[in-house]
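Reviewing the structure listed below.
Sequence lines set the chain letters: A, B, ... in the order given, protein chains first and strands last, and positions in each chain run from 1. Nothing here was measured: the structure is a model prediction, and the numbers come from that model.
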Amino acid sequence: MILLLLSLGRFLGENKPEKYKISIVVDRSSSASWDSFRRGLNAAVKQYNMEYNFVTTSRFSSIQQEYASLTREVKNGTDGIITELRATEGTGEILDELGKQVKIALVESERENVRPDLFIPTFSVDEEALGTALGTEVLQSSLQAEKLSIGILAGNQSKGNMKKRLDALKKVLESGEQEIAWVIEDRGQYRKDLDEESHRKSVDVIIALDNDSLEAAAHYTQETGRSFIELYGVGDSEEVIYDLDTGVIRSLIVIDHYDMAYSAVEALWKQLSGGQKTGETHLVDFYVVKAGNMYSKKMERILFPTD
Amino acid sequence: MRISEKEEKKHFLQDIFFKKGAFLPLSLRSPFRSFHNMILMSFMLLSIIIILFLSSVLYLQFSARLKEERETQAEQLLKQGGNRLEEYLISMRQISDAMYYDVIKGSNLNLLKVNTEMNLLYEAHKESLVSVAIFSGGGKLLTAVPNSTEKKNRKVVEQDFFTSAVQQVENLHFSLPHVQNLFDDPSFRTHWVVSLSRVVELSENGASSNGVLLVDMNFNTIERMMEKLNGEDQYRYFYLCDKKGNLIYHPRMREILRNDFQENTEVLSELDDGIHHIKAGSNSRAIIVDTIGYTGWKMVAVLEEGNRIFASGGMLYYVFILISLTLLISLLFNQLVSLRLSYPIRKLNEDLEKMGERRLSMEDIAHYGSTEIIHLGKTLVQSFRQIDRLTEEKIEQQEEKRQTEMDALQSQINPHFLYNTLESVVWMIESGKKDDAVFMVTELGSFFRISLSGGKNIIPLSQELQHAKNYMNIQQIRFKDKFKVDFTVSEEVLRCLTVKLILQPILENAIYHGMAGVDEDGEIHVRGEMIKGENTSMVLLSVEDNGFGMTEEKAESLLDTEAEISDFSDRKKRGSGVGLINVHRRIQLRFGTRFGLRIHSEPDEGTRVEVRLPAIEYTEETQKSLEHGNMHSSTDGFHGGGKDNEGKSDIHGGGGSHSDDSSAALSGKIPGGE
């Protein structure tokens with residue numbers, strides 16, 4: 001009996017694929033904001049002997065467009081998908097449909113409720129804490145003005161997590177009695193929107209809630225000669241780190257995207273190999289980085305990963 | 001007909017494999033009492049113990065050997081890695097030496113020339129270098145390749161490479177890996193470097209001053225070296241640290257920074273180069289240390305101890321499959337062996353169960369198995385046969401006993417004796433001899449009463465003697481005192497038990513054969529005495545007459561069975577019809593062949609008939625026991641009475657009291673009766 005069971009186990013074990021193949025579907029895949037994320041992916045797939053396909057995407061105009069991309073990957077035979085959802089509304093149905101066919105892990109996303117038998121882990125950051133930390137950094141601004149005029153580049157507000165981030169930031173700023181002059185959502189034309197809003201109302205501080213908007217803000221201040229505007233924001237690309245080092249950005253919130261990617265891959269591997277089911281939200285760390293601490297031992301490793 | 005050995009084996013194999021329940025004849029009611037199960041369990045236990053023992057020994061040996069080889073291999077890899085790293089560091093040092101001694105030292109500082117030379121050196125080693133720069137003693141950048149644009153607000157004099165160089169001017173200093181943040185790169189690229197710095201003597205227009213030569217080595221080179229060393233083995237890793245224990249490279253650096261993993265580098269300061277075994281909590285590990293020359297860096301290999309034989313799941317599977325297969329084969333083999341051993345016994349057991357239904361012959365019993373089993377089977381068959389034979393004999397004996405006792409009883413109511421006696425009584429009455437008639441009738445009544453004895457076959461010898469006396473009294477009257485009879489029996493004999501109706505037939509013979517032709521001087525002596533043996537006693541009765549006697553052959557033939565049959569009708573005419581052989585057989589049936597009659601006779605000398613009986617004292621219990629056929633224990637162990645009593649020797653028993661009884665017998669009137 002033991003012999004039969006072992007042989008069966010071995011047979012079944014050998015019938016498992018040698019390497020799992022996963023797909024990564026995110027908004028604007030070529031953005032430098034995913035560099036750290038890719039490094040985490042590389043480290044994880046090496047550790048777990050997997051292969052990944054980082055699907056080339058531009059800016060998704062809607063959740064349906066992203067769904068089409070996801071479906072294509074399922075048809076191509078992927079074993080699992082890591083995705084950043086373009087929006088929150090309408091994700092329940094999509095995930096219910098996809099979840100029947102493939103294992104899914106979400107990053108930097110907030111989703112609607114799904115069927116209770118689906119286990120879809122989410123990896124993100126504590127948005128309230130992040131928004132609060134960012135707001136606190138702004139309030140410690142060196143401008144010394146009683147009241148700052150602040151513009152906010154809010155990123156993709158279709159995502160629930162970004163809404164939370166913005167709400168937390170606003171709460172801190174309002175509690176500090178700062179003026180929020182304008183809030184620009186991501187419409188794919190930050191520069192144009194910045195020009196328009198700045199014309200309408202000049203600001204002392206620009207806060208960008210994601211890497212792309214922060215890069216856009218940095219370009220704007222340098223190209224328009226408005227280097228007096230203090231920049232704060234969320235990001236970890238080489239450019240924003242350079243800008244932090246050179247003083248263009250005052251303070252940076254760095255999300256540990258390396259860890260986010262690594263953990264997402266690990267979770268998928270566990271689901272695929274051992275059937276371990278978890279639908280929990282896992283929070284990764286974020287760091288407040290300034291020019292003064294960016295070259296500390298720990299921050300060096302975070303900001304400038306060697307792998 | 002006995003089947004051939006080949007066919008026996010064929011039947012055996014068929015029974016084992018094809019007979020229902022034969023292959024696994026587990027007795028469920030008492031699984032551990034079955035012979036087959038006991039053998040199987042014992043064999044299995046032994047097999048398992050041996051397998052486990054051998055497995056353990058092999059495993060320990062293999063583990064130790066494997067561990068040793070792993071450590072040796074790791075040490076070799078470590079040394080090779082260390083040598084490569086040392087060569088790399090030496091080459092970097094050589095670059096720094098070349099820069100200093102060939103370009104800077106001793107010549108007037110010509111920044112253009114220096115820059116050109118630096119460029120050449122850089123280009124030659126650009127894969128290993130990130131930058132080369134010279135700083136003044138005040139931290140001002142003099143020249144650098146490939147990029148000389150400094151980042152703003154950098155305080156060079158506070159940087160690690162600068163301070164360590166100026167603190168120890170005679171040495172070269174290797175820094176820990178860090179991100180180079182001196183030079184501006186608009187392409188946003190950053191480089192991890194290990195800085196090699198030294199104080200250099202700068203000469204400018206005759207004035208010499210100290211500066212710092214900085215060679216930033218590409219840490220990527222060291223990283224690749226270490227990554228190659230680490231390989232795929234998840235239970236072994238290599239890392240690099242400086243002499244103070246600060247990590248330079250670690251495959252799990254990120255986890256260490258997040259405090260998800262601990263690496264105890266403090267212990268390294270106490271460890272020499274070589275292999276060390278360290279216990280950390282419940283885990284133990286082997287640590288191999290190799291110091292890189294000149295820099296004081298330590299390259300460390302860490303091997304997680306414990307069994308890594310089963311590191312791969314495949315290996316584990318094969319091991320378990322092998323063990324399972326071995327156990328399975330062992331089980332099958334043990335099953336066959338135990339079947340082979342136990343089968344003959346079980347077959348014998350089955351055959352013996354059938355013996356209750358019908359008797360089996362020797363050929364029916366299984367002939368396969370060990371010689372002991374075969375012998376056991378044959379012995380059992382023989383035992384059964386003997387039991388059957390003894391049972392038949394017993395039945396025959398019981399039947400014979402019943403028959404002879406019936407005959408004896410039947411003879412007592414033989415009408416001839418009764419007629420003759422009653423005729424004598426009539427004659428007496430007619431003759432007016434009333435007293436004699438009364439006497440005769442009284443004797444006859446007593447005679448018949450004792451003959452019947454209430455249906456008992458075992459009576460006290462006193463009653464048997466009384467019966468004999470009754471008979472002789474009657475016969476003496478009938479034969480007109482033609483002969484005399486006397487009874488000399490000891491008191492202790494009278495208290496013993498006997499089969500009834502044994503003396504009267506002997507006396508009858510003595511009268512009709514012994515006293516025939518004797519004229520009024522015939523004598524018949526009846527004696528009874530106790531013969532003491534080693535452990536027990538025997539009663540010896542004798543009836544002796546002084547008649548014509550007979551030849552020895554004739555005497556022997558009197559106890560012949562066939563002779564009895566031919567004489568039967570003749571005896572019936574005379575009156576009793578019960579021969580000596582009847583008496584003899586009845587005694588032997590009751591008490592055994594050691595007892596019974598012996599006849600001694602010589603022609604013209606007379607005849608003596610001896611009766612041997614066991615001395616069983618009369619009690620109600622012994623009488624009942626003998627009635628039911630149970631032999632008294634006193635019949636065992638008696639060896640007396642054989643040769644001692646041959647011939648016509650007189651045997652007188654008893655003491656004075658016996659003589660009294662004998663005297664009373666001579667008068668014809670016997671006191672007592674019952």
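Residue Lys151(B) qualifies as enclosed at atom NZ: its count of foreign heavy atoms under 6.0 Å is above 12. Dense packing is recorded around CD of Glu223(A), with more than 12 heavy atoms of other residues, nucleotides or ligands lying under 6.0 Å away. Atom CZ of Phe333(B) has 12 or fewer neighbouring heavy atoms from other residues, nucleotides or ligands inside a 6.0 Å radius.
Neither the backbone nor the side chain of Arg224(B) has a heavy atom closer than 4.5 Å to any heavy atom of chain A. In this structure, chain A has heavy atoms under 4.5 Å from both the backbone and the side chain of His178(B). For Lys152(B), no part sits under 4.5 Å from any heavy atom of chain A, backbone or side chain. Within the 4.5 angstrom heavy-atom criterion, no atom of Asp260(B) approaches chain A. Both the backbone and the side chain of Asp259(A) come within contact range of chain B, judged by heavy atoms closer than 4.5 Å. Phe304(A) touches chain B through backbone and side chain together, each having a heavy atom under 4.5 Å away. Within the 4.5 angstrom heavy-atom criterion, atoms from both the backbone and the side chain of Asp245(A) approach chain B.
Atom CG in Leu303(A) sits 9.5 Å away from atom OG1 in Thr190(B) (nearest 0.5 Å). The structure places CG of Asp185(B) at 7.5 Å from OH of Tyr242(A), a figure rounded to the nearest 0.5 Å. Rounding to the nearest 0.5 angstrom, the gap separating the CG atom in Leu176(B) from the NZ atom in Lys297(A) is 6.0 Å. Between the CD atom in Glu255(B) and the OH atom in Tyr262(A) there is a gap of 6.5 Å [rounded to 0.5 Å].
The candidate with the highest count of non-hydrogen atom pairs below 4.5 Å against chain B, out of Met294(A), Gln47(A), Glu239(A), Lys46(A), is Glu239(A).
Heavy atoms only, all atoms of each residue included: Glu300(A) and Trp192(B) are closest at O-CZ2, 3.6 Å.
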Can you list the steps and then say if Tyr295(A) with Val179(B) is a side chain to side chain contact (heavy atoms under 4.5 Å, CB included)? CA-CA 7 Å; Tyr295(A) 288 106; Val179(B) 175; 3.9 Å; yes

